[in-house]
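Naming: A, B, ... by sequence-line order, numbering from 1 per chain.
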Number of protein chains: 2
Amino acid sequence: MPKYKIIARQMMRKINSDDMKQGDKLASIEELMKYFDVGKNTIIQVLTLLERQGYIYQVRGSGNFVRKHRRHGYINILEANGFQSTLQGFRLGSEMLDLKIIKPNTEVMANLDITAEEDVYYVKRLRSIEGRKFAVERSYYVKDIVPYLNQEIVEESIFRYLMEDLKLKPGFTDHFLRVGKLNQENAELLNLNTGDPTAFLESIYYLENGQPFDYSKVLYHYEETQFFIQGTNNMEL
Amino acid sequence: MPKYKIIARQMMRKINSDDMKQGDKLASIEELMKYFDVGKNTIIQVLTLLERQGYIYQVRGSGNFVRKHRRHGYINILEANGFQSTLQGFRLGSEMLDLKIIKPNTEVMANLDITAEEDVYYVKRLRSIEGRKFAVERSYYVKDIVPYLNQEIVEESIFRYLMEDLKLKPGFTDHFLRVGKLNQENAELLNLNTGDPTAFLESIYYLENGQPFDYSKVLYHYEETQFFIQGTNNMEL
DNA sequence: AAGTGGTCTAGACCACTGT
DNA sequence: CAGTGGTCTAGACCACTTT
């Protein structure tokens with residue numbers, strides 16, 4: 001683990017603690033250099049990372065300041081999988097409704113960038129929070145990359161299994177979100193009425209090397225879910 | 001404008017052109033150093049920026065590759081204001097429904113971090129794309145920061161006015177998104193029926209120095225809008 | 001003017017990928 | 001092993017904010 005990540009972790013813990021609140025000023029770069037005994041660029045790397053992760057904001061000529069929003073219970077959409085982090089403290093559950101190996105249809109082929117001959121795992125899950133159903137998820141995993149899944153994995157955390165056991169390295173993600181009306185099947189699964197509103201989120205997950213391995217379609221219960229998206233300085237380009 | 005931004009711009013134009021497609025490999029860092037006649041760290045800064053903006057993905061020991069998603073017509077939620085960029089090529093309109101100076105209520109006070117005595121501009125707009133109504137927006141601007149607004153500005157681009165004329169420097173943003181049912185007033189504005197689904201997006205815009213200046217609540221037409229959110233490598237922390 | 005952050009260089013060395 | 005990206009340093013100089 002490189003120095004700048006170790007330092008960043010440490011500072012993130014500090015910022016997350018109750019010691020610090022929105023607008024609090026961090027130590028200056030020079031002080032941080034001395035304290036951690038590293039060069040300036042390393043501190044800059046740390047601060048860039050913290051800024052990008054939404055922990056701080058940087059003000060030229062003035063200092064670095066803690067950034068904290070005040071709302072709780074929102075799903076950070078960029079962590080919509082592995083939402084353990086944003087929804088920590090809530091009791092989450094996953095009920096497996098279906099699990100099988102299939103050949104992809106056109107939609108799945110296009111989104112996972114595979115041919116009709118390649119196998120995919122199809123997983124259908126009902127997700128709950130504090131015992132309340134909040135989402136129906138249909139996911140497709142490229143079998144060449146995810147060679148094995150079972151009920152136990154699927155009802156625990158698939159992403160933890162992929163990362164820790166299969167040692168897959170997730171790279172980037174594309175999310176597409178629409179709003180629509182529930183059909184009968186999905187309404188029944190969520191204990192809602194046909195025609196009720198829903199957030200429909202499609203996500204494509206790519207490995208570090210750019211290969212897509214997971215295409216997920218999730219329908220959220222409109223009364224149980226709210227999303228949070230953090231924007232960082234886009235600077236003038 | 002620093003070197004790394006100039007180079008980044010140039011490379012972004014190149015990547016956006018039809019010359020390059022998803023997965024194409026960029027020149028190596030050493031080649032880029034020679035070509036642009038700059039040091040390694042400067043190129044690294046460029047690549048970090050491009051990666052963060054979703055233009056490329058980086059693969060250690062292998063190279064940098066073009067990232068392009070294939071869907072069009074989606075609003076990049078991180079550019080939900082100033083969506084000219086994501087929806088370029090579409091004809092956008094803004095009809096002013098209301099514009100006045102008011103005292104903030106509790107909700108506005110909390111989100112803009114102001115007292116009950118400070119004035120805010122209240123702006124209500126109906127936004128359209130290609131002549132079709134797609135969103136109702138209610139925004140609150142801190143008058144101390146935005147001292148003047150009129151119909152012309154409001155029907156053009158408020159953000160362009162803030163940045164170019166008032167020289168405000170936007171910093172970061174918090175977005176909160178929920179799904180719900182339209183009430184009668186908003187349904188009528190969007191030519192929909194009461195109870196139809198809608199995406200409800202609340203956004204707080206902060207200046208570079210961390211001060212909030214704009215609190216916006218937008219209701220989107222569920223048939224006319226879809227959102228795109230790009231996730232970049234979160235690395236292990 | 002002093003304090004603080006931002007950009008940039010040159011060079012060293014490490015870590016990973018691909019052949 | 002060669003190619004390529006990632007981390008890190010020390011130091012110079014610039015730009016902005018604050019007092």
Side-chain angles (χ1 to χ4, degrees), chain A residues 1-9 11 23-52 55-67 167-172 207-211 232-237, chain B residues 1-9 11 23-52 55-67 167-172 207-211 232-237:
Chain A
M1 174 98 63
K3 287 187 188 178
Y4 79 95
K5 282 191 186 178
I6 295 171
I7 297 173
R9 272 193 180 197
M11 293 181 66
D24 280 0
K25 190 170 176 178
L26 267 55
S28 74
I29 290 185
E30 204 159 348
E31 288 169 324
L32 293 171
M33 283 169 65
K34 281 178 194 154
Y35 180 76
F36 290 109
D37 192 30
V38 295
K40 182 169 180 179
N41 274 347
T42 304
I43 294 296
I44 297 276
Q45 270 188 97
V46 171
L47 296 173
T48 304
L49 181 55
L50 292 179
E51 200 247 347
R52 181 181 151 154
Y55 282 79
I56 62 166
Y57 56 93
Q58 303 172 271
V59 184
R60 186 180 194 128
S62 176
N64 296 285
F65 302 86
V66 170
R67 177 175 174 192
K167 308 284 185 208
L168 295 185
K169 292 175 196 161
F172 50 96
L207 294 178
E208 217 177 31
N209 67 9
Q211 191 177 0
T232 50
N233 198 336
N234 276 315
M235 41 195 67
E236 314 126 52
L237 285 169
Chain B
M1 175 100 61
K3 286 188 189 179
Y4 79 95
K5 282 191 186 178
I6 295 171
I7 297 172
R9 273 193 180 197
M11 293 181 66
D24 280 1
K25 190 171 177 178
L26 266 55
S28 74
I29 290 185
E30 204 158 349
E31 288 169 323
L32 292 171
M33 284 169 65
K34 282 177 193 153
Y35 181 76
F36 290 109
D37 192 29
V38 295
K40 183 171 179 177
N41 273 348
T42 304
I43 294 297
I44 297 275
Q45 270 188 96
V46 171
L47 296 173
T48 303
L49 182 55
L50 292 178
E51 200 247 346
R52 182 180 150 154
Y55 282 78
I56 62 165
Y57 57 93
Q58 302 172 270
V59 184
R60 185 179 195 131
S62 177
N64 296 285
F65 302 87
V66 171
R67 176 174 174 193
K167 308 284 184 206
L168 294 186
K169 293 176 195 158
F172 50 96
L207 294 179
E208 219 178 29
N209 67 8
Q211 190 177 2
T232 52
N233 198 336
N234 276 316
M235 41 196 68
E236 314 125 51
L237 286 169

Find the distance [X]:[atom1] to [N]:[atom2] and express it as a whole number of Å.
{"X": "B:Arg60", "N": "C:dC14", "atom1": "CZ", "atom2": "P", "result": "13 Å"}
{"X": "B:Leu47", "N": "D:dG5", "atom1": "CG", "atom2": "C1'", "result": "9 Å"}
{"X": "A:Ile43", "N": "D:dC8", "atom1": "CD1", "atom2": "P", "result": "10 Å"}
{"X": "B:Glu30", "N": "D:dG6", "atom1": "CD", "atom2": "P", "result": "14 Å"}
{"X": "A:Ile7", "N": "D:dT7", "atom1": "CD1", "atom2": "P", "result": "13 Å"}
{"X": "B:Ile44", "N": "C:dA15", "atom1": "CD1", "atom2": "C1'", "result": "13 Å"}
{"X": "B:Gln58", "N": "C:dT17", "atom1": "CD", "atom2": "C1'", "result": "15 Å"}
{"X": "A:Leu50", "N": "C:dG5", "atom1": "CG", "atom2": "P", "result": "13 Å"}

Would you please confirm or rule out a distance under 4.0 Å between OP1 or OP2 of [N] and any side-chain N or O of [X]?
{"X": "B:Ser62", "N": "D:dG5", "result": "no"}
{"X": "A:Asn64", "N": "C:dG5", "result": "yes"}
{"X": "B:Lys25", "N": "D:dT4", "result": "no"}
{"X": "B:Lys169", "N": "D:dC16", "result": "no"}

* **Residue whose closest nucleotide on DNA chain D lies nearer the 5' end, B:Gly63 versus A:Lys3** =>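 Looking at DNA chain D, the more 5' nearest nucleotide goes with B:Gly63.
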Do [X] and [Y] come close enough that some side-chain heavy atom pair is under 4.5 Å?
{"X": "A:Met11", "Y": "A:Ile56", "value": "no"}
{"X": "B:Leu47", "Y": "B:Leu26", "value": "yes"}
{"X": "B:Thr232", "Y": "B:Arg67", "value": "yes"}

What's the closest nucleotide to the side chain of [X] if the choices are [options]?
{"X": "B:Ser28", "options": "D:dT4, D:dG6, C:dT9", "value": "D:dT4"}
{"X": "A:Asn41", "options": "C:dG6, D:dA10, D:dT7", "value": "D:dA10"}
{"X": "A:Gln45", "options": "D:dC8, C:dC8, D:dG6", "value": "D:dC8"}

* Asked: Judged by atom type as modelled, is there a donor-acceptor pair below 3.5 Å linking the side chain of B:Lys3 to the main-chain atoms of B:Phe36?
  ->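 No; judged by distance alone, with no hydrogens or angles, the pair does not exist.
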* To do: Could you point out which residue of B:Ile44, B:Leu50, B:Leu49 forms a side chain to side chain contact (heavy atoms under 4.5 Å, CB included) with B:Val46?
  =>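 Single side chain to side chain contact (heavy atoms under 4.5 Å, CB included) partner of B:Val46 among B:Ile44, B:Leu50, B:Leu49: B:Leu50.
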* Sugar-phosphate only, base, or nothing, as touched by B:Gly39 at under 4.0 Å among non-hydrogen atoms ->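 Contact class for B:Gly39: sugar-phosphate only.
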* Can you find a donor-acceptor N/O pair under 3.5 angstrom joining the side chain of B:Lys40 to the base of D:dG6? ->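 Yes, a donor-acceptor pair under 3.5 Å.
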* Asked: Side chain of A:Lys5, base of D:dG6: donor and acceptor closer than 3.5 Å?
  ->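 No pair found.
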